[in-house]
Structures are given as structure tokens and as C-alpha cells.
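Here is the naming used below: chain letters follow the sequence lines, and residue numbers restart at 1 for every chain.
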Amino acid sequence: MRSVYERFYDQYHTDLYRFVFYMVKDREQAEDLVQDVYIRVINSYSRFNGESSEKTWLFSIARHVTIDYFRKQKRKKKRLMDFFDWSNHGEQLQDERPLPDEIIEQGETIREVYRCMEQLTVDQKSVIVLRYIQSMSIQETADILGWSASKVKTTQHRGMKALQRQMEKQREEEKHHEQ
Amino acid sequence: MSNKKNADKKLEHALKNMPEIKDRQTKDDLYRKVSSRSEDDKTRKNKPWAIPVVASATVILLLALIIPMLFMNQQELKNREYSTDQAAQENSNKDSGDAARILEDAGEEAQLYEQKIASESHLVLYDDPDTQLVHIGVPGKNAEHIVPLSIIIPNHGSITDTWSSLRNLSSQLESLGLGNYPLSNIALSINKEEGKGTALFMSGYRNNGGSSADQVLVKSIQSAFRPYGIKQVKLKKEGGGPVEVGHYGELDQLQVEPEPAVYKLYQYSPNHPTFLISTETRPDLKIDEAIQAMHKSEGKLISSPIPENVRIQAKKIDERTLEVNINEGSLQQDQQTLNMVEAVLATAGTYHMEKVQFTGNDIKRIGPYNLTRPLDVPIAVNPLDYIELKK
């Protein structure tokens, strides 16, 4: 058990944590979720048949763990929506978490991109994080997501457009506030 | 280069230069958490109600070992008498010769026992992609309040089929110290995609249990559908016609509203497992009042989940987070503390809280919970493994 953990940790932990963090954008949650990933890796390593690379296998587990997390969040949000009238407050629920120090220290564009990533769908976010932040190839991304290369390209294109749109929207809102 | 291309390049550049966020957990810390949670998961999945039985057996065994040892040791110190059986006497000298060591070992055993017993969880905290939950409400033996159960079945299983088979498992449910299964002649079905639920009252259904039986029946149906977000359940009678539900009169549908609850502990006897039980609240009861209400036991079978010397007080930090302060007394590393934490989390969940932060406590961790951090409310309470239940 420990040897499997150590091997995966030594080779992939930095990339794994970065992926999970940028997916959920919450440091503590990311810490909990990487624990989930390792638990699943350890429990199912005996069934890993080597059809994909270890890295692909690990990241597809990480993706499923983050999807479970989002499903749970969605259900909680739905419960809240059922209870309160969020029609006027829905936006406030989006993301009130403070920016991590590492992001605060960056320039305005990076801070802006980080905030706007929240508005992407889970699929778009997965592709953008894997392709750009993790620097993975189209094929690696497709293998992790279990998609065709063309689906990765389409989702990437739509994700980038959505991100641009959101950033423009935010800039306009800021201008409006300044006036 | 067009503005659009420039913007695309700028965005790509920003994404590629997003800073590295480092995991603050060390490699060893992370491994410890992973292995401890892995063990907890195994224990929880195996046989949730078996743990107290195993733990009790461990204690009895431990006492059976320690008491004679201590007794023999005292005898030895007093008079150093020899028994008639030389072999037995040599053996006993060997065993009792180092009382300190035995007591030390006993201390370690007791500590292990505490850790073990403090792992009996009553909550489902995470979605497991390999399983799904079938919800049902069963009354306690006093038939007053409802014990909501979450039956764990494989992901490919059918909720409707599981409800059907539960009708034949009423004796197993009763063996856990629960009351009569109220839906023996009622077939529940669900279409989650369309958000529809149906309760078909079969020909064998007789309404003859008085008004409290009517209430139990209605609450049990509501408990089955509420966690799936179903708002309305159609009531149908086999062969047609209206469904007569005692003092509720003729019903063709039942509303299922989100319902705040005050969770306490239900246990029929010390030989039976404990469950979280949802006790009644006034509709206008606020969350801080609900937490206060948890201090009160109700009769022999329903006890307060708050340890006797402990007083807690809650206040909302925001719409999603509840702070629960330990005002009096201190928490121990034991099952009582775990029960309290879980009952608070379950109660907070019914008030649409997402997180609970415990403050004013000395212990940092209990069971799977890190008390230094805000804790997630559960997705369900009282998990029971379907396969184990059928045995």
C-alpha cells in the first residue's frame, strides 16, 4: 500500500494537486480530494491493467473525484435554492472564497482569469486545466477524459471563448462601477 | 494581428503562467490521512451495526483477562501462596509477575478500544460512485419518531426494486431494534429523471393502527422521497379508488417539504445498534434553538447525543456555516463525542447549512472528522449495507 502511494506521490503529486486545486479552486478542499484520489488508487491498483499509462489512469480518477465533489455541491446548492428565494442573491453564492496568496501575488490578468474560470462548465474547465495549466497534449487530455481528440478540441475552443466572454463581461461591469 | 487574436494569445499566456499552488500537507501527513481514512471506509462499509457489538465483546474479553490477572497479582502480593497445581501456579506467576506491564498493556488496549469504538459513524459523508442510497423511514419501537435509514446498494441496482424487497425484510429491520416496518403493503416507486414518486397501496393494506400509525405511515413515505428532492408523491390504490389514510381522510397525493429536524440518538437496548433519529421540531424553530433542543433526552429509547457534562451553543456565521461552541465541559476521544458531532452535522444539514465549525474544544480529531476545520454536513444518515441487511 505504502509503496504504491510513494511511487504515485513521487512522480505525480505536484501535477495531481495542481489539477485538483484549479478544478475546485479551494485549497483545503483540494487537500481532502487528493486524499480521496490516493484512497481510490490504492484500493484499485490491483485492478489497473496497464491499458493506459499510470498518469492517465491517475488523472481520470482525479477527474471523477472532482466530478463527485461538484455533484455534491450542486445538490447542496439545489437544496439551498429550494429553501430560499435566491433569485436576488444567486450571484453572491458563486465564489466568495478569498483568492489564494499565490494568485494575489500575480498580475491583474491572471487574477481575472482565475476568477472567470468559475463560470466554465466542468468539462470545459477540465480541458482548459489539462491543456494549458498542466501543458498536456490533445491526445493525453483525450485519454484522461475518455473522449475523442476532436471532442477535446471543440470543448477547448468553446471553453476559451466562454472565458473570453466572461472576462469581457467582468471588465465592462468594472467600468460601469467606476463610472 | 487582430484584437481578438491578441486577446486569445494573452489568455493562453495567462493560463500557461498560472502559479503553482503547493499542497501544504507533507508526504507523510498525507499518507497517514489516506491510510486512516481508508481504514475508516472499510470499517463503515463492512457492517456498521456490528462495530459496537465487536467493541463490547473486546471489552468483555479484556475485562475477563485483566480482572483475574489483577486478582491473582493481589493474592501473590498478600501471601505468596502456592496453588496445588504447580504448572498452573508457574504459569500464573509468569502472567501476573509484572502487574505494571499488564496494566500498561491494558491501557493501550483501552486506548485502542476507544479509537475503535469512536469509529462507529452514523453518517454518509461522500458520494461513492460505485453505490447509491435507498432512503426509507422506519419508526422506533415507541412508534413516535422516524429513524431515517440509507440503504447502500450497488450503483446499477434499482431503488424501486430495493423498496419492494424491504417489504420482506421487516423482521431484519426489527432485529436492529426498530419498530414495525410501516410500508409492508405499500409499493413505492420513483422516477428521478421526472421527479415523480408513487405509493401504491396494495389490496392487503389495512388502516387500523390509529392516528399515530397514520402519522408514521405518512412520515415514512415522506422520508423515503425527501432526500431525492421529490416534492409530491402520488397515492394510488390497487384496483383504483381513493386511498383512505385514517384521520388524514382520502388522499390522492402527499406533499413532501424539506423538514428541519433535531437529531438525537435512538437505541432499543444496549444489545442493539444506535441510530440517529429525527425528532419533531416546531416549524419556526431556529437552528440555534434546534441545537439547544438536542440537549434533552426523550424517554428511555431516545437520548440526547450531547455528552452529559457538555453544553453547546450554536450561531450562524453566514447562510452556509454554523459555528458550534463547546460552552461547558470538555470532549473526550470517545463514541459520545462522535455521536454529538454527527448529530449536530445532521441537524445542521436539515437547516440547509453546508458547514459546521466546532470551537472551544480541546480535541482536534474524532473518527473521520478534523475538528479544527469546518466540517461538511452529511449527504445521508444511518447507512446500512443492503447485503448485510439481507443476511
J.: Would you name the heavy atoms of B:Thr26 and A:Tyr9 that are closest together and state the gap between them?
T.: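 Where B:Thr26 meets A:Tyr9 most closely, the heavy atoms are C-OH, 4.2 Å.
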
J.: Taking the side chain as every heavy atom from C-beta outward, state whether B:Asp8 and A:Met160 have any pair of such atoms under 4.5 Å apart.
T.: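 Counting from C-beta outward, B:Asp8 and A:Met160 never come under 4.5 Å.
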
J.: Are any non-hydrogen side-chain atoms of B:Lys27 and A:Asp10 less than 4.5 angstrom apart?
T.: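 B:Lys27 vs A:Asp10: side chains touch.
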
J.: Is it the side chain or the backbone of A:Tyr5 that comes within 4.5 Å of chain B heavy atoms, both, or neither?
T.: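 Just the side chain, heavy atoms under 4.5 Å.
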
J.: Output the option from A:Asp101, A:Val20, A:Asp36 having the highest count of non-hydrogen pairs under 4.5 Å with chain B.
T.: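 Among A:Asp101, A:Val20, A:Asp36, the one with the most close pairs to chain B is A:Asp36.
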
J.: Name the region of A:Gln106, side chain, backbone, both or neither, that has any atom closer than 4.5 Å to a heavy atom of chain B.
T.: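 Contact with chain B: side chain only.
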
J.: Within this structure, what is the CG-CD distance for the pair B:Asp23 and A:Gln35, rounded to the nearest 0.5 Å?
T.: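 Going from the CG atom of B:Asp23 to the CD atom of A:Gln35 covers 9.0 Å.
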
J.: Shortest non-hydrogen contact from B:Pro19 to A:Ile110?
T.: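 Reported closest heavy-atom pair: CD-CG2, 4.1 Å.
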
J.: State, to 0.1 Å, how close B:Leu15 and A:Val113 come at their nearest heavy-atom pair, and which atoms those are.
T.: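 In this case the closest contact between B:Leu15 and A:Val113 is CD2-CG1, 3.6 Å.
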
J.: Please confirm whether the backbone N or O of B:Ala7 pairs with a side-chain atom of A:Gln164, one donor and one acceptor, at under 3.5 Å?
T.: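 Yes: the side chain of A:Gln164 pairs with the backbone of B:Ala7.
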
J.: So for A:Thr14, is it side chain, backbone, both, or neither that comes closer than 4.5 Å to the heavy atoms of chain B?
T.: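 It is the side chain, since no backbone atom gets that close.
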
J.: For the interface with chain B, which of A:Met117, A:Arg18, A:Arg2, A:Glu28 has the highest count of heavy-atom pairs at distances below 4.5 Å?
T.: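 Heavy-atom pairs under 4.5 Å are most numerous for A:Arg2.
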
J.: May I ask you to decide whether A:Glu112 forms a salt bridge with B:Lys10, counting only side-chain N to carboxylate O separations under 4.0 Å?
T.: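 Not counted as a salt bridge, because no side-chain N and carboxylate O are separated by less than 4.0 Å.
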
J.: Counting only heavy atoms closer than 4.5 Å, note whether B:Arg24 contacts chain A via side chain, backbone, both or neither.
T.: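 Both backbone and side chain.
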
J.: Quick one: what part of A:Ile42 sits under 4.5 Å from any heavy atom of chain B, side chain, backbone, both or neither?
T.: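 Just the side chain, heavy atoms under 4.5 Å.
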
J.: Less than 4.5 Å to any heavy atom of chain B: does that hold for the side chain of A:Ile128, its backbone, both, or neither?
T.: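 A:Ile128 touches chain B through side-chain heavy atoms alone.
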
J.: For a quick test of reading the model, state the closest non-hydrogen atom pair linking A:Tyr17 to B:Ile21 and the distance between them.
T.: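 A:Tyr17 and B:Ile21 have their closest heavy atoms at CD2-O, 3.2 Å.
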
J.: Taking only residues two or more places apart in sequence, or in another chain, which ones meet B:Tyr386 in a ring pair (Phe, Tyr, Trp, His ring centres under 6.0 Å)?
T.: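 Not a single residue meets the ring pair (Phe, Tyr, Trp, His ring centres under 6.0 Å) criterion with B:Tyr386.
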
J.: So which part of B:Asn370 gets closer than 4.5 Å to some heavy atom of chain A, the side chain, the backbone, both or neither?
T.: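 Neither part, no heavy atoms under 4.5 Å.
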
J.: Quick check: do B:Glu20 and A:Glu102 have side-chain heavy atoms less than 4.5 Å from each other?
T.: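 No, their side chains stay 4.5 Å or more apart.
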
J.: Under 4.5 Å from any heavy atom of chain B, what part of A:Asp32 do you find: side chain, backbone, both or neither?
T.: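 The answer is both parts of A:Asp32.
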
J.: To the nearest 0.5 Å, how far apart are CZ in A:Arg27 and NZ in B:Lys22?
T.: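 If we round to the nearest 0.5 Å, A:Arg27:CZ and B:Lys22:NZ are 10.5 Å apart.
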
J.: Looking at A:Arg158, I'd like to know if its CZ atom is crowded, meaning that more than 12 non-hydrogen atoms belonging to other residues, nucleotides or ligands lie closer than 6.0 Å.
T.: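 Atom CZ in A:Arg158 is not crowded, with 12 or fewer foreign heavy atoms closer than 6.0 Å.
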
J.: Under the salt bridge (Lys or Arg N to Asp or Glu O under 4.0 Å) definition, can you give me all pairs with a residue in residues 129-152 of chain A, not counting sequence neighbours?
T.: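 Only A:Lys55-A:Glu140 qualify under salt bridge (Lys or Arg N to Asp or Glu O under 4.0 Å).
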
J.: In terms of heavy-atom proximity below 4.5 Å to chain B, should A:His64 be classed as side chain, backbone, both, or neither?
T.: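 No part of A:His64 comes within 4.5 Å of chain B.
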
J.: Give, as side chain, backbone, both or neither, the part of A:Glu108 having an atom under 4.5 angstrom from any heavy atom of chain B.
T.: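 It is neither, since no heavy atom gets under 4.5 Å.
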
